[in-house]
Amino acid sequence: MTRETPLSRLVSAKRIVVKVGSALIAEAGSVRQTWLDQLANDIAERRAAGQEIILVSSGAIALGRNKLGPERPRKLEEKQAAAALGQPLLMAALAHAFTPHETPVAQALLTLEDTENRRRWLNARATLETLLGAGGIPIINENDSVATDEIRYGDNDRLAARVAQMMSADVLVLLSDIDGLYTADPRTNPTAEHLPVIHNLTAQHDAMASGSNAQADLGSGGMTTKLTAARIAQSAGCSTVITQGSKDRPLRNLLDGARATWILSTLTPDTARQIWLKGHLTPEGSISIDAGAAQALMGGASLLPVGVTAAHGEFARGAAVAIKAPSGQTIAKGISAYSSIDIARIAGLQSDQIEQKLGYRGRPAIVHRNDLVLER
């Protein structure tokens with residue numbers, strides 16, 4: 001039997017989130033186009049291997065700030081303006097990098113609220129799933145021009161982890177200007193030791209990270225934020241790898257054995273999602289279903305309108321609901337893709353009849369199986 005290694009998780013991953021920091025994207029306010037072209041080669045290679053890639057990219061502020069003048073933007077409105085100026089430049093550079101691979105890139109500007117509010121989470125996930133299904137590369141950046149809290153306190157490491165959590169990614173790759181976590185900052189302490197694998201993050205690791213990336217000029221993060229991101233990902237069944245990204249072909253280098261720190265998860269994304277759903281969903285209403293739908297749910301299916309007999313209570317799209325069998329017993333909990341009013345209108349219909357009844361296309365399932373946990 002072949003023993004699993006941290007690197008084998010990257011090779012076998014179905015879905016990977018790659019986060020790129022500002023220092024890798026921009027140098028002196030200009031795009032590092034050659035490096036981006038090589039990253040696109042790496043991502044194309046992974047896609048050819050059957051893997052889905054989501055790219056979380058910083059750099060908008062770094063690319064746009066010089067257009068405001070020689071001084072580094074420090075006021076909130078200056079950072080927002082720099083982000084607005086730099087985002088088109090960032091997307092143009094990424095589109096250029098992926099053009100030889102005939103791969104469309106799609107911009108998605110998110111804030112942490114988009115990954116934490118259930119209604120917005122449903123919308124964001126459905127959009128990204130659609131983009132991946134169409135063969136595109138979602139390019140995600142935080143919405144710096146409006147997300148004031150994120151500019152002051154946030155970072156794209158944490159956003160990338162939330163995206164990995166939302167999209168049930170198997171691996172989160174954090175490309176950095178350092179090749180992982182050391183026992184101390186290696187730039188100031190020559191005796192610092194590199195940590196290749198971590199199973200359980202502790203306060204001791206946080207103390208080790210406190211000095212790392214302290215001198216970074218462009219990015220808002222550092223090793224501390226990367227460990228915070230790793231914790232988020234780990235709880236979602238996603239393993240994190242922190243590695244040096246400044247050299248060409250960073251993903252290929254990683255696969256070839258480049259030094260890195262792996263923070264491993266003992267869960268799978270599916271298991272982690274089920275644990276989260278079971279522990280965090282407090283029903284705001286309920287949906288009654290027929291015997292056929294109950295049997296289908298127990299077999300792992302989504303809840304379709306045809307199997308619904310009634311909705312109880314008043315709730316909005318994105319609400320947590322209890323799902324009740326004909327006996328009245330709660331057999332599952334889940335996140336509803338429709339409001340109670342709309343469910344009452346489409347109950348008993350086939351999915352292809354939803355648009356005619358509601359006037360908009362909507363989702364095929366009232367509760368998708370990925371948003372549902374059985375009460376056993």
Side-chain angles (χ1 to χ4, degrees), residues 4-21 42-43 46-47 49-58 108 110 112 114-116 121-122 124-125 128-129 131-132 137-140 142 154-176 180-181 195-202 205-206 209 221 223-243 245 250-251 254-255 260-280 368-371 373:
E4 184 186 40
T5 64
L7 196 56
S8 67
R9 298 199 178 197
L10 182 62
V11 174
S12 63
K14 296 178 181 177
R15 182 170 289 174
I16 302 169
V17 174
V18 179
K19 184 266 177 179
V20 179
D42 276 355
I43 291 175
R46 291 296 87 218
R47 282 164 49 86
Q51 296 175 311
E52 294 180 327
I53 307 292
I54 298 171
L55 183 61
V56 178
S57 178
S58 301
L110 300 178
L112 283 178
D114 293 316
T115 64
E116 293 175 350
W121 176 80
L122 282 170
R125 189 186 65 181
L128 295 179
E129 290 281 6
L131 290 172
L132 289 170
I137 299 285
I139 308 293
I140 297 173
E142 76 180 297
D155 58 87
N156 270 3
D157 293 323
R158 193 155 52 109
L159 178 61
R162 291 297 187 192
V163 170
Q165 180 185 53
M166 178 174 67
M167 299 303 294
S168 299
D170 301 288
V171 173
L172 169 62
V173 180
L174 299 178
L175 297 179
S176 178
L181 180 64
L195 303 179
V197 180
I198 300 171
H199 294 278
N200 297 303
L201 284 168
T202 67
H205 295 118
D206 293 332
M223 189 57 66
T224 298
T225 67
K226 287 173 174 54
L227 296 192
T228 299
R231 281 189 172 91
I232 295 170
Q234 195 174 45
S235 69
C238 177
S239 295
T240 299
V241 57
I242 304 168
T243 191
L251 296 183
L254 183 60
L255 289 165
T261 294
W262 282 87
I263 299 99
L264 302 179
S265 177
T266 59
L267 304 172
T268 66
D270 287 344
T271 302
R273 183 175 59 249
Q274 291 294 306
I275 292 172
W276 185 90
L277 288 170
K278 186 176 285 290
H280 290 77
H368 192 275
R369 63 180 178 271
N370 289 344
D371 303 325
V373 59

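Numbers here simply count residues along the sequence, with the first being 1.
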Legend entry - Of all pairs that satisfy side-chain hydrogen bond (donor to acceptor under 3.5 Å, both in side chains), the ones with a partner from residues 12-21, not counting sequence neighbours: Arg15-Glu52, Arg15-Glu129, Lys19-Asp157
Inset, instruction - Mind checking the CG-OG spacing from Leu159 to Ser58? Nearest 0.5 Å is all I need. - result: 8.5 Å
Inset, instruction - For Leu277 and Asp371, work out which heavy atoms get closest and say how close. - result: CD1-C, 3.7 Å
Legend entry - Greater than 12 external heavy atoms within 6.0 Å of Arg9's CZ: yes
Inset, instruction - Taking side chain to side chain donor-acceptor pair (under 3.5 Å) as the test, write out the residues that go with Gln274, two or more places apart. - result: none
Inset, instruction - Quick one: closest heavy-atom pair of Leu172 and Ala160, and the distance? - result: CD1-CB, 3.9 Å
Inset, instruction - Test side-chain contact (heavy atoms from CB on, under 4.5 Å) on Val17 and Ile140 and set out the steps. - result: CA-CA 10 Å; Val17 174; Ile140 297 173; over 6 Å; no
Inset, instruction - Would you check if the side chain of Arg47 reaches a backbone N or O of Ile53 as a donor-acceptor pair within less than 3.5 Å? - result: no
Inset, instruction - Any chance you could measure Thr240, atom OG1, to Ile232, atom CD1, to the nearest 0.5 Å? - result: 9.5 Å
Legend entry - Pairwise distance CG(Leu110) to CG(Leu128) - rounded to 0.5 angstrom: 6.5 Å
Inset, instruction - Please report the shortest heavy-atom distance between Ala161 and Ala233, naming the atom on each side. - result: CB-N, 4.3 Å
Legend entry - Any donor-acceptor N or O pair under 3.5 Å, side chains Arg162, Gln165: yes
Legend entry - With Asp42 via side chain to side chain contact (heavy atoms under 4.5 Å, CB included) - residues at least two apart: Arg249, Pro250, Leu251, Arg252
Inset, instruction - Mind checking the CG-NZ spacing from Leu181 to Lys226? Nearest 0.5 Å is all I need. - result: 11.5 Å
Legend entry - Minimal non-hydrogen separation, Ala272 against Gly237, with atom names: CB-N, 3.5 Å
Inset, instruction - Evaluate the side-chain contact (heavy atoms from CB on, under 4.5 Å) criterion for residues Ile242 and Met223: first the C-alpha distance (whole Å), next the side-chain angles of each, then the deciding distance (0.1 Å), finally the verdict. - result: CA-CA 9 Å; Ile242 304 168; Met223 189 57 66; 3.9 Å; yes
Legend entry - Result of checking Val163, Leu55, Ile54 against Pro138 for side chain to side chain contact (heavy atoms under 4.5 Å, CB included): Ile54
Legend entry - Interatomic distance, Arg158 atom CZ to Asn156 atom CG [nearest 0.5 angstrom]: 10.5 Å
Inset, instruction - Would you indicate whether the side-chain heavy atoms of Met167 and Leu132 approach each other to under 4.5 Å? - result: yes
Inset, instruction - Working to the nearest 0.5 Å, report the span between CD1 of Ile198 and CH2 of Trp262. - result: 13.0 Å
Legend entry - Check: Ser265 side chain, Ser239 main-chain N or O, donor-acceptor pair, under 3.5 Å: no
Inset, instruction - Please report the C-alpha distance between Val241 and Leu254 in whole Å, then the side-chain angles of each, then the deciding distance to 0.1 Å, and finally whether the side-chain contact (heavy atoms from CB on, under 4.5 Å) criterion is met. - result: CA-CA 9 Å; Val241 57; Leu254 183 60; 4.0 Å; yes
Legend entry - Minimum heavy-atom distance between Ala169 and Pro269, given as atom pair plus value: O-CG, 3.4 Å
Legend entry - Closest non-hydrogen atom pair, Val197 against Pro6: CG2-CG, 3.8 Å
Legend entry - The single option from Thr266, Ile263, Leu264 passing side chain to side chain contact (heavy atoms under 4.5 Å, CB included) against His199: Leu264
Legend entry - Full working for side-chain contact (heavy atoms from CB on, under 4.5 Å) between Leu174 and Thr243: CA-CA 7 Å; Leu174 299 178; Thr243 191; over 6 Å; no
